[in-house]
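Data first, discussion second: the structure below is written as structure tokens.
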Number of protein chains: 2
Amino acid sequence: MNIGQAAKASGVSAKMIRHYESVGLLPPASRSDAGYRQYGDKDVRTLQFIRRSRDLGFSIEEIRGLVGLWQDRTRPSREVKALARQHLDFLDRKLAELQSMKYALAHLVSCCHGDERPDCPILENLAGERT
Amino acid sequence: MNIGQAAKASGVSAKMIRHYESVGLLPPASRSDAGYRQYGDKDVRTLQFIRRSRDLGFSIEEIRGLVGLWQDRTRPSREVKALARQHLDFLDRKLAELQSMKYALAHLVSCCHGDERPDCPILENLAGERT
DNA sequence: CCTTGACCTTCCCACTGTTGGAAGCTCCAT
DNA sequence: ATGGAGCTTCCAACAGTGGGAAGGTCAAGG
């Protein structure tokens, strides 16, 4: 299977497959006589694992850890759970950050009449004048 | 006022002040005889405006627009509100994305017993096995 | 056999925003 | 005059992804 096929089958772009290989997240793929990367079902499964991990927002480094644990049949699930919890905390912090941005901005937007007049509470707030 | 003073006064690092100038978000600062950038109260107010905008998650390009509108005394507040709404939509999309990640991952974490045993619903899910 | 188009290769660059560092200059106080 | 803090510019890195150029390969069809 060439890289394009593996990309379609896994949902990871060919660009990213090469990138993951270059950063060592994937072992170097075997090559055809012409130098084309060759993939098998096992590789596609690994790529899908990576894609699902990315869909959950895990970083490359975290995924490196997850793949390692995945391939170690004797890992304690405790370790996996710890890694997942850590990422969950990260998501919570990000969510809180975005949510406070959202509420602050939503308030300002609701205060702005949004017509042809130039006075605008949004700009006034950004400029530091208390609204 | 040197760049370090302006940085302290505005809450924007000296590094970032130079960067904002280099990308044209700030006009080139005037220079002392020795080539040091000189800032006044007006510049500090602009920097604070930029910092508050970044605190709300606006991108550099969006801030470029906001600063332009801010400095145009005759802008209709409609335009500011449109820009803000657009960013609000962006925040909503990001929030929804993170939230779905969070719920999916939280579910998996709650399913994993997290002890010394190797079987783990988190890895099984990432591997594509239905849980 | 040759051409064409789709696919592959490597390499470099772009983007988001921010930080760090190196080499060298300036300013101020001791 | 010397040291340290602060300034200058330039270059690189981070994460992750996409775009593109220049060139090799493969299969189909004339």
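Excluded from the calculations below are hydrogen atoms, water molecules and symmetry mates; all remaining heavy atoms, backbone and side chain alike, are included. Below, chain A is the first sequence line, B the second, and so on; all start at residue 1.
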Nearest-Å distance, CD1 (Ile3(A)) to P (dA6(C))?
19 Å
Could you identify which residues of residues 13-24 of chain A place a heavy atom less than 4.0 Å from some atom of DNA chain D, listed by residue number, or say none?
Ser13(A), Lys15(A), Met16(A), His19(A), Tyr20(A)
Considering only NZ, NE, NH1 and NH2 on the basic side and carboxylate oxygens on the acidic side, decide whether Glu97(A) and Lys94(A) come within less than 4.0 Å.
yes
Whole-Å gap separating P (dC7(D)) and CE (Met1(B)):
12 Å
Base, sugar-phosphate, or nothing for Ser32(B), non-hydrogen atoms under 4.0 angstrom?
nothing
Counting only side-chain N and O atoms of Arg37(B), is one of them less than 4.0 Å from OP1 or OP2 of dT9(D)?
yes
In this structure, CE of Met16(B) is separated from OG of Ser10(B) (nearest 0.5 Å) by 11.0 Å
By nearest-heavy-atom nucleotide on DNA chain C, the more 5' of Tyr36(B) and Phe58(B) is Phe58(B)
Which heavy atom of Leu123(A) sits nearest to which heavy atom of Phe49(B), and what is that distance?
CD2-CZ, 3.8 Å
Rounded to the nearest Å, what distance is computed from the CD atom of residue Gln5(B) to the P atom of nucleotide dT26(C)?
20 Å
Nearest heavy atoms of Leu91(B) and Leu56(B), plus distance in Å:
CD1-O, 4.2 Å
Can His107(A) and Asn125(A) be counted as having a side-chain donor-acceptor contact under 3.5 angstrom?
no
Provide, to the nearest angstrom, the distance between the CD atom belonging to Gln38(B) and the P atom belonging to dT26(C).
15 Å
Distance, nearest 0.5 Å, that separates CD of Glu124(A) from SG of Cys111(A)
10.0 Å
What is the distance, rounded to the nearest whole Å, between atom CG of Leu25(A) and atom P of dT17(D)?
11 Å
Of the candidates dT9(C), dG17(C), dT9(D), the side chain of Arg31(A) sits closest to dT9(C)
Could you tell me the separation between the CG atom of Asp92(B) and the CZ atom of Arg85(B), rounded to the nearest 0.5 Å?
11.5 Å
Nearest to the side chain of Arg54(B), which nucleotide is it out of dT10(C), dT18(C), dT8(D)?
dT18(C)
Do NZ/NE/NH1/NH2 and the carboxylate oxygens of Arg93(B) and Asp89(B) come within less than 4.0 Å?
no
Rounded to the nearest angstrom, tell me the gap between atom NZ in Lys8(B) and atom C1' in dA5(D).
10 Å
For the helix from dC1(C)-dG30(D) to dT30(C)-dA1(D), figure out the bend between the end axes, five pairs an end, and round to 10 degrees.
30°
What heavy-atom pair brings Ile122(A) and Ala84(B) nearest, and what distance separates the two atoms?
CD1-CB, 3.8 Å
Expressed in angstrom and rounded to an integer, what is the separation of Phe90(B) atom CZ from dT16(C) atom P?
12 Å
In whole angstrom, give the distance that lies between atom CD1 of Ile63(A) and atom C1' of dA15(D).
11 Å
